[in-house]
Amino acid sequence: MSVPISIRNITKKYGDTVVIPDLSADIHDGEFFTLLGPSGCGKTTLLRMIAGFIDIQRGTIAFGDQVINDVPVNKRDYGMVFQNYAIFPSMTVEKNVMFGLENRHVPKAEAQRRTEQMLAQVKMEHLAKRFPENLSGGQQQRIALARAIVINPQVLLMDEPLSNLDAKLRIEIRQVIADIQREIAITTVYVTHDQEEALSVSDRIAVMNHGVIQQVASPESIYRRPFNQFVAGFIGHSNSFDAVVVENVGGQATVRLEGGYTFAIDVLRRDVAPGTHVIVSVRPEDFTVHDSPSGLSGRVRLRQFLGSHVQYNLDNDSGREFLLNQSADFGTRLFQPGDVIHLGVDSRAVNIFDATTSETLVEGVLSNVIGSPVTEVPAS
Ligand SMILES: Nc1ncnc2c1ncn2[C@@H]1O[C@H](COP(=O)(O)OP(=O)(O)OP(=O)(O)O)[C@@H](O)[C@H]1O
């Protein structure tokens, strides 16, 4: 039976180097929870602490009500899928999947039945008698997944399971993983540094940097309402403009960008005073192109056709570069290097960050990190 995982005040040091200073998180029963962050941010370390390969120096990790700090690796009730498949080369596909059941002394007939059922679920029943060396990487990872979940563990742990596969197989296998995870509703902790992968499969994502969770939220919230500039820049691309709040009457605000372009927004926290220096963050797809010379101007430096859209590298009046994405529909006007494009911003889609703390000033957006201060939003 699947259980929630509770992580409280976890610390990890290697010598004097603190890799995880103090981390807490709640992973809900049955959810697909992804640890996402740049290389070296500590996501594998955290996963390996849950798995029991790395000691928990301080803090606790619990599966349901059971604190597992002192439970040995082989007594923790999880299935794990690794980057390098880690299936036994000397055993057939069928034997690989059955291995965990035999270890748990499941009666032979039942073990056989569950193995067949599992192989059908990962669409590998026709290859049951093959040896791993005769399987592709994608097929090996299907077997690794089957082997991890056939034992009905409380938790499924996955450490960059797709990173050895080519781009097309990555998409195919991530759909297999997401489908099966939803079907059996097992609490899953998934580590990746690939943002598209995280956005596509997760119920919630924890974005990490330097051993600290920056934000925990749904993929849509992480992308649309990042809690700070790190999250905004790590997930997709964000253009940042220096700006100042001109007026703010109960959250109905006017903001002026460097260069003078001024626009109205209604999502600013109402406690942000006029005169406050802010960073306005705009996704490349959240500009509108003006026919008349008004708004924000950018001179085209480079145009790249990317299939579904055209990407322009533009220079603003101060010579700073920013990106614009336009759909590549038939009939969309293409600009040439040297052209000046006049733009407005979709004010619902912009994000505004405090220039000093880098944290969001959009009303109601929280980091949802356990233990972090909750910003009070005044009642209307
Ligand atoms: N055994 C070790 N001794 C010393 N430092 C280590 C050890 N293992 C990991 N580290 C350091 O701890 C930090 C976190 O490593 P970790 O592998 O958890 O990061 P990660 O986010 O999973 O990165 P990647 O995606 O590259 O695997 C890194 O700076 C790494 O160099």
Side-chain angles (χ1 to χ4, degrees), residues 5-27 32-61 68-69 72-73 76 78-86 137 141 144-145 148 155-167 169-171 173-174 177 187-202 204-217 219 222-223 226-236 367-370 372:
I5 302 173
S6 136
I7 301 168
R8 285 293 175 278
N9 304 107
I10 287 296
T11 299
K12 181 68 196 173
K13 283 187 197 171
Y14 289 110
D16 288 339
T17 312
V18 180
V19 175
I20 297 181
D22 179 11
L23 186 147
S24 298
D26 276 328
I27 302 167
F32 199 128
F33 188 88
T34 297
L35 302 172
L36 173 69
S39 182
C41 73
K43 49 197 189 299
T44 301
T45 300
L46 178 57
L47 191 79
R48 293 175 82 83
M49 283 165 131
I50 300 172
F53 305 141
I54 295 181
D55 278 352
I56 301 165
Q57 293 168 333
R58 225 197 65 201
T60 57
I61 299 181
I68 55 158
N69 287 40
V73 176
R76 294 189 190 188
Y78 63 80
M80 187 146 182
V81 180
F82 299 89
Q83 186 172 337
N84 58 1
Y85 322 130
Q141 208 50 314
L145 178 66
V155 165
L156 177 61
L157 306 177
M158 297 205 230
D159 189 5
E160 306 248 10
L162 307 180
S163 44
N164 282 349
L165 304 176
D166 67 35
L169 264 181
R170 278 208 295 273
I171 293 174
I173 303 296
R174 87 180 181 213
I177 292 173
T187 311
T188 299
V189 188
Y190 186 98
V191 163
T192 183
H193 62 269
D194 182 326
Q195 40 163 303
E196 187 188 303
E197 202 174 298
L199 291 172
S200 69
V201 296
S202 315
R204 287 191 306 155
I205 298 172
V207 180
M208 290 180 70
N209 192 27
H210 298 308
V212 177
I213 296 180
Q214 307 289 312
Q215 184 175 14
V216 183
I222 290 274
Y223 187 80
F227 180 74
N228 59 28
Q229 278 191 274
F230 175 81
V231 177
F234 186 72
I235 312 284
S367 69
N368 280 332
V369 174
I370 292 169
S372 70

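Atoms within each ligand, like the ligands themselves, are counted from 1 in listed order.
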Under 3.5 Å, is there a donor-acceptor pair between the side chain of [X] and the main chain of [Y]?
{"X": "Asn69", "Y": "Gly59", "value": "yes"}
{"X": "Thr11", "Y": "Pro21", "value": "yes"}
{"X": "Thr34", "Y": "Leu36", "value": "no"}
{"X": "Arg8", "Y": "Asp26", "value": "no"}
{"X": "Tyr14", "Y": "Val19", "value": "no"}
{"X": "Gln195", "Y": "Gly37", "value": "no"}

Can you sort out which atoms of ligand 1 are near [X], meaning under 4.0 Å from one of its heavy atoms?
{"X": "Glu160", "answer": "25 (O)"}
{"X": "Pro38", "answer": "21 (O)"}
{"X": "Cys41", "answer": "19 (O), 20 (P), 21 (O)"}

Name the closest protein heavy atom to [atom], giving the residue it belongs to and the distance to 0.1 Å.
{"atom": "atom 12 (O) of ligand 1", "value": "Val19 CG2, 3.3 Å"}
{"atom": "atom 25 (O) of ligand 1", "value": "Lys43 NZ, 2.9 Å"}
{"atom": "atom 23 (O) of ligand 1", "value": "Gly40 N, 2.7 Å"}
{"atom": "atom 17 (O) of ligand 1", "value": "Thr44 CB, 3.8 Å"}
{"atom": "atom 9 (C) of ligand 1", "value": "Tyr14 CE1, 3.5 Å"}
{"atom": "atom 26 (O) of ligand 1", "value": "Ser39 OG, 2.6 Å"}

* Asked: When you look at Ile7 and Ile50, which way does the side chain to side chain contact (heavy atoms under 4.5 Å, CB included) test go after all the steps?
  -> CA-CA 9 Å; Ile7 301 168; Ile50 300 172; 4.1 Å; yes
* To do: Please indicate, with yes or no, if any protein heavy atom is found under 4.0 Å from atom 30 (C) of ligand 1?
  => no
* To do: Give a yes/no verdict on whether any heavy atom in Gly211 is under 4.0 Å from an atom of ligand 1.
  => no
* To do: Determine, using heavy atoms of Gly37 and all atoms of ligand 1, whether some pair is separated by less than 4.0 Å.
  => no
* Are Glu196 and Arg174 within salt-bridge range, i.e. N to O under 4.0 Å? -> yes
* To do: Tell me which part of Thr45 gets within contact of ligand 1: side chain, backbone, both or neither, using heavy atoms under 4.0 Å.
  => both
* Take Leu162 and Tyr190 through the side chain to side chain contact (heavy atoms under 4.5 Å, CB included) test and state the conclusion after the steps. => CA-CA 11 Å; Leu162 307 180; Tyr190 186 98; 3.4 Å; yes
